[in-house]
Each structure stands twice: as structure tokens, then as C-alpha cells.
K.L.:
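Below: one structure in C-alpha cells.
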There are 4 protein chains.
Amino acid sequence: MAVAEPENTTRRRAPRVDAIRNREAIIETAAEVLAEQGTTVDVREIARRSGVGMGTLYRHFPKKEDLVDTVLRKEFSRWAESARQAAIDAEDPWAALTDFYQQALSGYARHRAIQERFALTWSAPDLEGLHQLRLVIEELCARATGLLRPGVTTDDLLLLLVSLGHAVQITDGCRPHMWHRLLRISLDGLRADHREPLPADTAPDTHQPRPETPKR
Amino acid sequence: MAVAEPENTTRRRAPRVDAIRNREAIIETAAEVLAEQGTTVDVREIARRSGVGMGTLYRHFPKKEDLVDTVLRKEFSRWAESARQAAIDAEDPWAALTDFYQQALSGYARHRAIQERFALTWSAPDLEGLHQLRLVIEELCARATGLLRPGVTTDDLLLLLVSLGHAVQITDGCRPHMWHRLLRISLDGLRADHREPLPADTAPDTHQPRPETPKR
Amino acid sequence: MAVAEPENTTRRRAPRVDAIRNREAIIETAAEVLAEQGTTVDVREIARRSGVGMGTLYRHFPKKEDLVDTVLRKEFSRWAESARQAAIDAEDPWAALTDFYQQALSGYARHRAIQERFALTWSAPDLEGLHQLRLVIEELCARATGLLRPGVTTDDLLLLLVSLGHAVQITDGCRPHMWHRLLRISLDGLRADHREPLPADTAPDTHQPRPETPKR
Amino acid sequence: MAVAEPENTTRRRAPRVDAIRNREAIIETAAEVLAEQGTTVDVREIARRSGVGMGTLYRHFPKKEDLVDTVLRKEFSRWAESARQAAIDAEDPWAALTDFYQQALSGYARHRAIQERFALTWSAPDLEGLHQLRLVIEELCARATGLLRPGVTTDDLLLLLVSLGHAVQITDGCRPHMWHRLLRISLDGLRADHREPLPADTAPDTHQPRPETPKR
DNA sequence: AATGAATGAGCCTTCATTCAT
DNA sequence: AATGAATGAAGGCTCATTCAT
């Protein structure tokens with residue numbers, strides 16, 4: 001009638017705690033493996049390194065994609081948060097912008113799967129973490145008003161992130177510092193010195209027209 | 001009376017002369033398919049869409065990789081050349097730079113396989129066409145002396161190309177004009193207005209001589 | 001009420017314990033198929049006749065060659081052992097020799113793959129079971145000292161085995177008893193009655209020490 | 001290739017002579033290739049080394065097997081004839097037998113395809129050349145009457161040939177002289193010294209009962 | 001709830017044979 | 001009559017997913 005004393009149960013019958021523990025072991029391992037090898041990795045590799053069987057893995061994540069999604073969502077958030085923190089810690093608005101990119105791009109290099117998923121994000125914007133990132137960027141924009149050239153949008157800064165992220169990825173192996181140069185160039189191009197208007201983003205099939213980016 | 005117009009013959013089934021035609025049909029189809037799906041395509045797909053049997057495909061290209069290489073080399077060269085031409089046609093040095101990127105990036109979006117291969121280029125520089133591209137960029141640098149900010153290297157411009165190329169690719173589906181904004185930003189960042197030195201690229205295996213790399 | 005008789009379960013679909021069962025089913029089937037068709041069999045044939053899927057087969061034997069090796073090693077040993085047993089059971093040394101060949105050759109006929117592998121053994125002596133066989137033969141030689149003609153080596157007897165084995169194989173279908181005649185002839189030729197020295201085996205890479213090889 | 005005087009005809013229109021010439025070139029090349037690599041050889045290899053196109057090859061030999069048959073028949077005859085000649089040249093009946101085997105077995109080593117085909121001969125006795133060989137052996141038997149142990153049949157000697165042939169083949173690479181020992185042993189076992197009757201060849205499915213082998 | 005064996009569609013490649021020129 | 005390109009059915013192997021215990 002009362003709550004069953006767990007003391008009583010056989011040690012072998014871990015009730016639910018272990019299921020959660022397993023789930024997290026899987027996620028953690030998958031995060032590593034996906035970062036290393038990208039989404040094409042063999043599911044067996046994840047199961048083996050997690051120390052669980054295939055059945056357990058598939059009980060928690062019925063499809064490989066479910067696991068990948070879960071992991072990426074988590075990693076994405078963590079990544080976005082670390083970038084946000086870097087921005088918050090900065091002394092002035094422009095440093096915030098710079099540090100944000102520095103931090104975000106540094107993290108980007110270690111996550112092959114995030115890179116892959118990010119590349120798909122624009123056409124399939126299901127990654128919820130993207131919203132967090134956008135919020136951070138919007139905040140950065142707001143803080144840097146007057147320092148940023150006119151007309152720069154959140155999407156501009158987001159795309160710049162992805163764009164540089166790719167540069168980081170491909171140079172990570174042999175020229176690990178090279179991307180800093182590109183970042184500097186791009187950020188300089190974002191300064192308010194440049195008063196010429198940016199080209200319109202007038203694609204016919206634009207999802208959402210956004211002449212002005214509201215500061216939220 | 002004259003030699004029959006080859007235009008007339010059915011595209012399939014024709015030896016000798018049309019073996020070449022077949023070969024080119026394969027290459028052309030493969031170019032499309034590789035652009036669409038990347039290098040992981042099923043060879044059968046290429047064969048089917050080319051209208052040839054597996055054997056024919058493998059007669060011309062003993063390994064899948066041979067086909068991919070052939071196609072990519074060709075596409076890469078064509079792409080680089082079209083970008084070069086755009087640069088040549090430009091009126092002034094800066095327009096040359098701008099037009100080069102415009103043209104190159106426009107072409108980039110439609111070639112998933114080129115993107116894949118390009119991403120590997122830095123670590124495995126086997127794609128000969130890369131050299132062509134570098135030459136073009138070097139020339140652009142030379143012409144734009146005094147307009148470019150000091151310290152900008154060929155590799156910087158090349159990496160910028162790849163970086164923006166990625167942006168083009170991922171926005172191509174839903175926001176096909178957005179990347180122009182990023183390009184403008186980056187190019188503005190490359191102008192000689194910006195006199196602050198770029199961060200050093202302290203990787204040991206630098207390919208290009210860098211005229212002056214200030215230690216910051 | 002008691003533990004379910006494993007005998008009762010369907011042969012297919014059963015993990016753990018029956019994984020072993022499956023493995024052995026594969027090996028058994030493969031042994032049959034390899035005996036019938038040699039090493040060129042389609043792996044699918046083995047899978048189908050084993051009642052398992054391709055994946056199962058490849059789980060147990062990552063390469064076709066692994067399966068073939070495993071099966072052949074086993075079959076080879078079993079075959080060698082049965083021949084050895086026949087020799088042991090014999091009443092006198094000469095009968096041992098005779099019975100050894102009888103038994104060995106009887107088994108040989110049904111194993112195309114063993115034949116194939118045996119044919120390669122001389123140039124590529126990787127089949128460990130060959131050593132066992134050699135030991136048996138050496139023992140036979142020792143026991144039959146004084147009955148065998150001088151100069152006969154282990155290799156002579158081994159080669160005779162292979163040689164007759166071939167005869168057995170090709171006559172197995174239509175004249176299944178014919179090889180006994182050849183065996184009798186050969187064994188008679190091995191008797192000590194024949195005192196003329198055998199021709200030298202002047203190959204440089206002799207494996208076995210030869211007591212006395214007269215130069216004829 | 002075309003040496004024929006085509007003085008009159010257009011050079012391109014070799015009439016029939018060249019067809020024959022081609023056919024023979026194919027056969028000759030195929031003989032080499034089959035001897036080297038056995039019947040699993042790629043037809044292209046034969047075509048290429050013959051200097052003819054696939055179409056030509058297949059015009060002359062609609063199936064690969066047709067070519068193989070033609071070649072083997074020819075090679076088989078040539079081989080049998082050379083062995084017969086060796087027998088004829090011998091001084092006495094026993095030497096005839098010995099030299100016959102010597103010659104036949106020496107030739108055997110160089111013909112992988114003959115070996116393969118010979119192995120099938122007993123179950124599929126379509127190889128006409130086999131008849132020739134049998135005639136030679138019958139003649140040898142007749143000449144050696146009184147020297148051979150009683151009851152030895154043509155088929156015994158033929159099977160001995162095949163049997164030793166296999167030994168020759170597998171030792172050809174590393175112990176090229178070893179088979180002579182086996183030959184000596186077998187021939188000694190065939191001598192009339194051995195008066196014990198050979199086991200009967202009483203297979204139930206024997207094609208032709210042959211208690212006595214008439215000396216023709 | 002966990003395990004890991006089983007499944008089988010799908011991928012790259014080869015080669016005997018056919019066919020248009 | 002010759003040419004060699006084209007064909008497509010296999011064959012070896014992988015891996016996401018299911019299933020019996």
C-alpha cells in the first residue's frame with residue numbers, strides 16, 4: 001500500500017532510473033560520435049560506445065533520425081548558449097558581437113553533425129534551437145545599433161554565422177587559425193562606416209518578407 | 001545526300017561516334033545528378049537517367065570515383081572559367097572582383113558535389129582545377145592592388161569564396177537572393193578603408209606567400 | 001513445466017543460444033554447398049539454404065573468405081581425424097596405411113572445396129590442418145618401416161593422397177569404386193619389394209627431411 | 001595480321017582467307033590464355049590478345065564454351081599425340097609405357113584448361129580426344145602384355161594419368177620434379193610382380209561392365 | 001526493460017553475350 | 001565480315017531497422 005521500499009527489490013531490477021540513465025548515456029555518446037563522424041555514422045557504433053544494445057537504443061529512439069534530432073537539439077542549444085554567454089560577458093556591444101562569433105565558430109568546428117544539420121536549416125527550419133540563436137543575435141543587433149551598418153538583419157548575421165562556420169570546418173584540419181581573418185573581414189564589412197545600402201533580399205519565393213527586422 | 005545529320009539519330013544505341021555521345025550523355029547526366037544529390041548517388045540512377053546500361057557506364061568509367069572525378073574536374077573548370085570570364089569582362093578592378101564572386105557563387109549553388117569536393121580541397125588538394133581558380137584570384141588581387149586592404153591573401157579570397165558558396169547553397173532554395181547581401185558585406189570588409197591588420201594565419205603549412213602579415 | 005526443450009523450438013529465429021545454432025547451421029550448410037559447388041558459390045545460396053538472411057551470415061562471417069576458411073578448416077580437420085582413426089583401428093602397419101588411404105579418399109570425394117584448397121596447399125601452405133595430416137602420415141611411415149620401399153617420404157605419401165583424391169573425385173559420379181584399383185596399384189608400388197631408388201626431388205624448397213635420396 | 005595478298009580487292013575487304021586466319025589467331029591465342037589461366041578467363045582477354053573484336057570472336061564461336069571446346073579438342077589431340085609419339089619412340093614395351101607417362105604428364109602441367117576439362121571427362125565424356133588417348137593406351141597395354149600385372153585395364157591407366165596429372169599440376173610451381181617419384185611408384189605397382197587381383201570395379205551405376213579388358 | 005541477433009533492400013562492380021554500324 | 005560499344009543479370013558486401021528471448 002505504502003511506497004514500495006526499493007531496498008526490497010532485487011538489485012537487478014533497476015526500475016526507471018536506469019532507463020533514464022541509459023537514455024542519457026546514449027545521447028551523450030551519440031553527441032560525441034556525431035560530432036566526430038557526422039550523421040552518416042553507423043548506429044552500431046553509437047550503441048557499442050554507449051554500452052547498450054541495439055534494442056535499447058531503438059526503444060528510446062525508434063528511428064536513427066530521432067536520436068540525431070534529440071542530440072542535435074541539445075548540442076545546438078548548448079552551443080548557442082555558450083555563444084550567448086560569450087556575448088553577455090563582453091564589455092561593449094561590438095565586442096559582444098565579435099566574441100559571439102568567436103565562440104560560436106570555435107564550437108562549430110567540433111560538431112560535424114551540427115554543421116550538416118545547419119546546412120539544411122534554411123530549407124527545413126525545424127531545428128528549434130535555431131530560434132534561440134536568432135534571439136541572441138537579435139539582442140546583439142539591438143545592442144549594437146548605431147555601430148552596425150544600416151539594414152543589416154538578424155538573418156544576415158545568422159547566415160554569416162553559417163557561412164563562416166563552413167569556412168571554419170574545412171580549414172579546421174590544416175589551417176586552424178585562418179578563419180579568424182575571414183571573421184575580421186566580415187565584421188569590418190558590418191560596421192556602420194559602410195553606408196551603402198545592402199542589396200534587397202527580394203526573392204520571389206521568400207517565406208516571410210522582412211524589410212525591417214523588428215527588435216522584438 | 002550529305003552525311004546524315006547525327007542530330008537525327010536516336011540518342012541511344014550507336015557505336016563509335018555515338019560512344020562519345022554516350023560518354024558525354026553520361027557525363028552530362030552525372031553532372032546533373034551529382035549536382036542534385038552529391039557523390040553518394042546510386043550509380044544505377046546515373047545509368048538510368050543517362051539511358052545506358054550499367055556496363056556502358058562502367059566501360060567508360062571503371063570506378064564510380066572515375067566518373068565523379070571526370071565530371072567534377074570538368075564542372076569545376078567550367079565553373080572557374082565562367083567566373084574568370086566575368087572578372088575579365090568587368091570595367092574596373094573592383095568590379096572584376098565583385099563580378100567574379102557574383103558569377104562564381106551563382107554557379108556554386110547548383111553543385112552539391114562540387115561543394116563536397118571543395119570542402120575536402122583544403123586538406124586534400126588534389127583537384128587540379130583549384131589551381132586555375134587560384135590563378136584567377138591572384139590576378140584579381142594584382143589588379144586590385146591599392147583597393148584591397150593590406151595583407152589580404154589569395155587564400156583569404158579563396159576561403160571567402162567557399163564560405164559564401166556555402167551560404168549560397170543553403171539559401172538557394174528559399175531565399176535565392178539573400179547571399180548578395182553577405183557578399184556585399186564581405187567585399188566591403190575587404191576594401192582598403194580598413195587598415196587594421198588581419199589576424200595572423202599561423203598554420204605551418206601555408207601555401208601562398210603572404211606579402212605582409214602583420215603580427216597584430 | 002520444466003525448462004522448454006530447446007529441441008522444440010523452430011530452427012529459425014532464436015537469439016543467444018540459437019545464434020550458435022544458427023552459426024552452426026550456416027557452417028553445416030556451407031560445408032554441403034562448398035562440397036557440392038566449390039568456393040565460387042553465391043553467398044546468397046548459402047544464406048538461403050541455411051534459412052538465414054544475408055546479414056546473419058555476414059554477422060558471423062564478415063567476409064565470404066572467413067566463412068570458407070572456417071568451414072574448410074573444420075572439414076579438413078574432421079576429415080584428417082577420421083582418416084587417422086581408421087589408421088589407428090587397423091591391425092597391422094600395412095593395414096593402417098591402407099585403411100588410412102581408404103578412409104581419407106572416401107571423404108575426399110565429397111568435398112570440392114577441400115579439393116580446391118588442397119590443390120593450393122602446396123604453393124600456399126596456409127591450411128593448418130595440413131600439419132595434422134602430415135603428422136598422421138609420418139606416424140604411418142614410422143609404423144611401416146621395413147614394409148615401405150626405401151626413400152619414401154611423408155611428402156610422397158601426401159602427394160599420393162592428393163593425387164588419388166583427384167581420381168576419386170572425378171570417378172565418384174559414375175564409377176565410384178574404380179579408385180580402389182588405383183589405390184591398390186599405388187600401395188603395391190610402395191612396398192619394400194621395390195628396391196630401386198626413387199628419382200630425386202631436386203626442388204630447392206623441400207619441406208621434409210628425406211632419409212636417403214639416392215641420386216639414381 | 002593480314003598477310004594475304006589482297007592485290008585486287010580493296011584492302012579493307014579481306015574475303016575469306018582472313019576469316020580463317022582470324023579464326024586461327026583466336027584459337028591460338030585462346031590456347032595460350034586457357035593454358036595460363038584456365039576456363040574462367042575473361043573473353044575480352046582472348047579477344048584483345050588475338051587482335052580481334054568481340055564480335056569477330058563471337059561470330060566464330062557463338063558461346064565461350066564453343067571456343068573452349070574447339071581449343072581444348074585441338075590441344076588435347078596435340079597433347080595425346082605427343083605422348084603417343086614418345087611411346088612409339090621407346091625401345092621396349094615398358095619404356096614405352098614409362099615414356100608415355102613422362103611425356104603426357106610433362107605436357108599436362110602447362111595446360112590449366114586441359115586439367116579442368118579432364119577432371120570433368122569421366123562424368124561428361126564428350127571430349128573426343130579422349131578416344132585417341134584411349135587407343136594409345138590400349139596399344140601400350142597390348143605391347144606390355146606379360147609385363148603388366150593381370151587385370152589392369154585401359155581405364156586404370158587412363159585414370160592413373162589423370163591422377164598423376166593432378167599431382168603434376170599442384171607441384172609444378174614449387175616442386176617441379178616431385179611427381180617423377182610418384183610416377184615411379186605407380187608404375188612399379190603396375191608390374192607383373194604383383195599377382196594379387198585388383199579390386200573389382202563393380203559400381204552399380206557403371207556405364208559399361210568390363211570384367212575383362214580385351215586387348216583389341 | 002534490455003539485449004544483440006536477424007533481416008533484406010540496396011550499393012558497387014564484373015562479364016558473357018548481343019547489336020548497330 | 002569485323003568492330004567494339006551496350007546490355008543486364010549476378011555477385012560480394014553494408015546497415016537501418018525489427019524481433020525473439
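All of these numbers come straight from a predicted model, not from anything done at the bench. Order of the sequence lines fixes the chain letters, A, B, ..., with proteins taken first and strands second; residue numbering starts at 1 for each chain.
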K.L.:
Contact between Asp69(C) and Arg117(C) at the side-chain level, heavy atoms closer than 4.5 Å - yes or no?
P.N.:
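Heavy-atom side-chain distance check passes, below 4.5 Å.
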
K.L.:
Write down the distance between CG (Leu34(A)) and P (dA16(F)), rounded to a whole number of angstrom.
P.N.:
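Computing the Leu34(A):CG to dA16(F):P distance gives 12 Å.
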
K.L.:
Between dA6(E) atom P and Phe61(C) atom CZ, what is the distance in whole Å?
P.N.:
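Distance, rounded to whole Å: 11 Å.
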
K.L.:
Let me know the distance between NZ of Lys64(C) and P of dG11(F), rounded to the nearest Å.
P.N.:
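Rounding to the nearest Å, NZ of Lys64(C) and P of dG11(F) are 9 Å apart.
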
K.L.:
Write down the distance between CZ (Arg21(D)) and P (dA1(F)), rounded to a whole number of angstrom.
P.N.:
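For the pair Arg21(D) CZ and dA1(F) P, the rounded distance is 16 Å.
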
K.L.:
Hey, are the side chains of Phe61(B) and Ile27(B) touching, using non-hydrogen atoms and a 4.5 Å cut-off?
P.N.:
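Answer yes - side chains close enough.
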
K.L.:
Partners of Arg110(D) by salt bridge (Lys or Arg N to Asp or Glu O under 4.0 Å), sequence neighbours excluded?
P.N.:
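Arg110(D): no salt bridge (Lys or Arg N to Asp or Glu O under 4.0 Å) contacts found.
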
K.L.:
Using the side chain to side chain contact (heavy atoms under 4.5 Å, CB included) criterion, which residues pair with Lys63(B)? Sequence neighbours excluded.
P.N.:
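Expected list: Asp66(B).
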
K.L.:
My understanding is that only residues two or more places apart in sequence, or in another chain, count here; which of them pass salt bridge (Lys or Arg N to Asp or Glu O under 4.0 Å) with Arg59(A)?
P.N.:
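With sequence neighbours excluded, Arg59(A) shows a salt bridge (Lys or Arg N to Asp or Glu O under 4.0 Å) to no residue whatsoever.
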
K.L.:
When you measure from every atom of DNA chain F, which of residues 40-48 of chain C have a heavy atom less than 4.0 Å away?
P.N.:
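Result for residues 40-48 of chain C: Val41(C), Asp42(C), Val43(C), Arg44(C), sorted by number.
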
K.L.:
Can you name the side-chain hydrogen bond (donor to acceptor under 3.5 Å, both in side chains) partners of Arg48(B), sequence neighbours left out?
P.N.:
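Scan of Arg48(B) (side-chain hydrogen bond (donor to acceptor under 3.5 Å, both in side chains), adjacent residues dropped) gives Glu45(B).
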
K.L.:
Only one of Glu75(B), Arg73(B), Lys74(B) passes side chain to side chain contact (heavy atoms under 4.5 Å, CB included) with Val71(B); say which it is.
P.N.:
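Passing option: Glu75(B).
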
K.L.:
Take atom CD of Gln37(B) and atom C1' of dC11(E), then tell me their distance rounded to the nearest Å.
P.N.:
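In whole Å, dC11(E) C1' and Gln37(B) CD are 14 Å from each other.
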
K.L.:
Which side-chain N or O atoms in residues 29-43 of chain C pair as donor and acceptor under 3.5 Å with protein atoms at least two apart or in another chain?
P.N.:
unit_1   : atom_1 : unit_2    : atom_2 : d
Thr29(C) : OG1    : Ala25(C)  : O      : 2.8
Thr29(C) : OG1    : Ser50(C)  : OG     : 3.4
Glu36(C) : OE1    : Arg49(C)  : NH1    : 3.3
Glu36(C) : OE2    : Arg49(C)  : NH2    : 3.2
Thr39(C) : OG1    : Glu116(C) : OE1    : 2.6
Asp42(C) : OD1    : Arg44(C)  : N      : 2.8

K.L.:
Among dT17(E), dA1(E), dC13(F), which nucleotide sits nearest the side chain of Tyr58(C)?
P.N.:
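From the listed options, dC13(F) comes nearest.
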
K.L.:
Whole angstrom is fine here: how far is it from CG in Leu57(D) over to C1' in dC19(E)?
P.N.:
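Rounded to whole Å, this separation is 16 Å.
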
K.L.:
dA6(F) phosphate, OP1 or OP2: any side-chain N/O from His60(B) under 4.0 angstrom?
P.N.:
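Answer is yes, contact under 4.0 Å.
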
K.L.:
With Thr56(C), which residues qualify under side chain to side chain contact (heavy atoms under 4.5 Å, CB included), at least two apart?
P.N.:
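For Thr56(C) the side chain to side chain contact (heavy atoms under 4.5 Å, CB included) partners, ignoring immediate neighbours, are Asn22(C), Ile26(C), Val52(C), His60(C).
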
K.L.:
Hey, where does DNA chain E pair up into stems, meaning at least three consecutive Watson-Crick or G-U pairs with distances under 3.5 Å?
P.N.:
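The stems that DNA chain E takes part in, listed by first number, are E:2-21 with F:2-21.
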
K.L.:
Can you see if the side chain of Thr56(A) gets near the phosphate of dA1(E) - specifically, an N or O under 4.0 Å from OP1 or OP2?
P.N.:
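Indeed not, no polar side-chain atom of Thr56(A) lies that close.
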
K.L.:
Return the 5'-most residue of the pair Arg23(C), Gly55(B) with respect to DNA chain E, ranking by each residue's nearest nucleotide.
P.N.:
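Result: Arg23(C).
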
K.L.:
Look at the side-chain N and O atoms of Asn22(D) and state whether any lies under 4.0 Å from the OP1 or OP2 oxygen of dA2(F).
P.N.:
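Asn22(D) to dA2(F) OP1/OP2: side-chain N or O found under 4.0 Å.
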
K.L.:
How many Å lie between CE on Met54(B) and P on dA16(E), as a whole number?
P.N.:
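Checked: the CE to P distance equals 17 Å.
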
K.L.:
Output the rounded distance in Å from NZ (Lys63(B)) to C1' (dT13(E)).
P.N.:
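Spelled out: NZ on Lys63(B) to C1' on dT13(E) is 7 Å.
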
